[in-house]
Amino acid sequence: MKLIFAMLVIYPFFCASAFAAPASWYQWNSKLNNERYCAQTSPGYGWEQENGPYKDAHCTIRAAARNDVATTKPDSKSHPMQSPNASHFPSSPP
């Protein structure tokens, strides 16, 4: 009984952690001397977040912001498979 209970408690934890993503990197700017620093978390007081998110520790490869990915919508004005003059209904024969 204890084994089944332990499996029911531990198994979901490992399944959920399989979908975890690494933390993003951000560029931080010093308020004191305008020095730039790349880190995943704030270096402390006197630093403000300047740019980000990035995929690498050198802050050179931009990453898509999680909110941007979720809210991105296709352009409703043009569809790649449809010309601008096309109709949704088939034309009647002449």
Counterpart residues, side-chain hydrogen bond (donor to acceptor under 3.5 Å, both in side chains), relative to Gln27 (two or more places apart):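 By the side-chain hydrogen bond (donor to acceptor under 3.5 Å, both in side chains) rule, Gln27 matches Asn51.
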So which residues get pulled into Tyr26's cluster when ILVMFWY side chains under 4.5 Å apart are joined, directly or through others?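 The other cluster members (ILVMFWY side chains, heavy atoms under 4.5 Å, direct or chained) are Trp28, Tyr37, Trp47.
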Members other than Trp25 in its cluster, when Ile, Leu, Val, Met, Phe, Trp, Tyr link by side-chain heavy atoms under 4.5 Å?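 Members alongside Trp25: Tyr54.
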Look only at the side chain of Gln40 and the backbone of Ala23, and say whether a donor-acceptor pair between them is shorter than 3.5 Å.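 Present.
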Calculate, to the nearest 0.5 Å, the distance between atoms [atom1] and [atom2] belonging to [X] and [Y] respectively.
| X | Y | atom1 | atom2 | answer |
| --- | --- | --- | --- | --- |
| Arg36 | Ser30 | CZ | OG | 11.5 Å |
| Ser24 | Arg62 | OG | CZ | 10.5 Å |
| Gln49 | Asn29 | CD | CG | 11.5 Å |

